[in-house]
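It should be emphasised that the depicted structure is a prediction, and the values quoted were computed from it without experimental measurement. Positions are given from 1, in the same order as the sequence printed here. Worth knowing before you read on, the calculation uses all heavy atoms, side chains too, and leaves out hydrogens, waters and symmetry mates.
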Amino acid sequence: MPAMPELPTAPIERARWQRGLWVAGGLIALALGTVGIFLPLLPTTPFVLLAAWCFSNGSRRFEHWLMNHRHFGPMVRNWRSDRVIPLRAKQLASAMMTLASAWAWWVMPAQIGWLPAFVCTLVAAWMWQQPSRPREA
């Protein structure tokens with residue numbers, strides 16, 4: 001297991017209200033990512049990565065917590081180091097997007113029923129272009 005990054009001691013140089021907004025955005029993104037574990041139309045990984053970015057702008061403590069989180073930490077560290085999305089995450093996301101798009105096509109009006117499938121196809125195309133493993137040094 002790789003060594004965990006140390007908690008930076010330098011404060012983030014922003015006004016307190018700005019740091020508060022970044023932290024609030026990070027918490028909302030993390031909540032949506034957590035809900036996305038259970039709801040197929042909400043993707044987990046992008047929201048967790050967004051939360052990490054928000055925390056990096058608002059709170060070193062929250063960023064450190066997320067980077068060292070048992071479940072979310074490896075995802076964030078791999079993304080930051082090599083822009084890696086694990087193969088298992090790609091497979092699960094593709095399966096859930098396919099199921100959710102089929103369901104949406106079935107229940108939505110015909111004029112817009114194709115829209116979720118279109119968006120999911122774009123997301124999947126981008127996702128599958130990202131590496132699945134860190135580069136060898």
At what distance, to the nearest 0.5 angstrom, does [atom1] of [X] lie from [atom2] of [Y]?
| X | Y | atom1 | atom2 | answer |
| --- | --- | --- | --- | --- |
| C54 | L49 | SG | CG | 11.0 Å |
| R133 | L87 | CZ | CG | 7.5 Å |
| Q130 | N78 | CD | CG | 13.0 Å |
| I37 | L32 | CD1 | CG | 11.5 Å |

So, for [X] and [Y], which heavy atoms are closest and what is the spacing to 0.1 Å?
| X | Y | result |
| --- | --- | --- |
| M127 | M97 | CE-CE, 3.9 Å |
| L66 | V48 | CD2-O, 3.9 Å |
| P131 | R83 | CD-O, 3.2 Å |
| I85 | A89 | CG2-CB, 4.2 Å |
| S101 | A117 | OG-CA, 3.4 Å |
| P74 | H69 | CD-O, 3.6 Å |

inquiry  = For F62, give me all partners under ring pair (Phe, Tyr, Trp, His ring centres under 6.0 Å), at least two apart in sequence or on another chain.
reply    =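 For F62, the residues satisfying ring pair (Phe, Tyr, Trp, His ring centres under 6.0 Å) (neighbours in sequence not counted) are F55.
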Are [Y] and [X] co-members of a hydrophobic cluster defined by side-chain heavy atoms under 4.5 Å apart?
| X | Y | result |
| --- | --- | --- |
| F38 | M75 | yes |
| V76 | L27 | yes |
| L115 | L122 | yes |

Is the shortest side-chain heavy-atom distance between [X] and [Y] below 4.5 Å?
| X | Y | value |
| --- | --- | --- |
| F72 | T44 | yes |
| E63 | R60 | yes |
| R19 | R16 | yes |

query = Just checking, any donor-acceptor pair under 3.5 angstrom between side chains of W128 and S94?
reply =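 W128 vs S94: donor-acceptor pair found between side chains.
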message = Is it true that, when you exclude W126 itself, more than 12 heavy atoms of the residues, nucleotides or ligands shown sit nearer than 6.0 Å to its CH2?
response =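 Counting neighbours around CH2 of W126, more than 12 heavy atoms of other residues, nucleotides or ligands fall under 6.0 Å, so yes.
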message = Tell me every residue that passes side chain to side chain contact (heavy atoms under 4.5 Å, CB included) with W114, counting only those two or more places apart in sequence or in another chain.
response =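 Result, side chain to side chain contact (heavy atoms under 4.5 Å, CB included) vs W114: W105, F118.
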Side-chain donor/acceptor of R77 to backbone N/O of M67, under 3.5 Å =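 The answer is yes, because a donor-acceptor pair under 3.5 Å joins these two groups.
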message = Is there a side chain to side chain contact (heavy atoms under 4.5 Å, CB included) between W53 and N57? Walk through the geometry before answering.
response = CA-CA 7 Å; W53 181 66; N57 286 289; 3.6 Å; yes
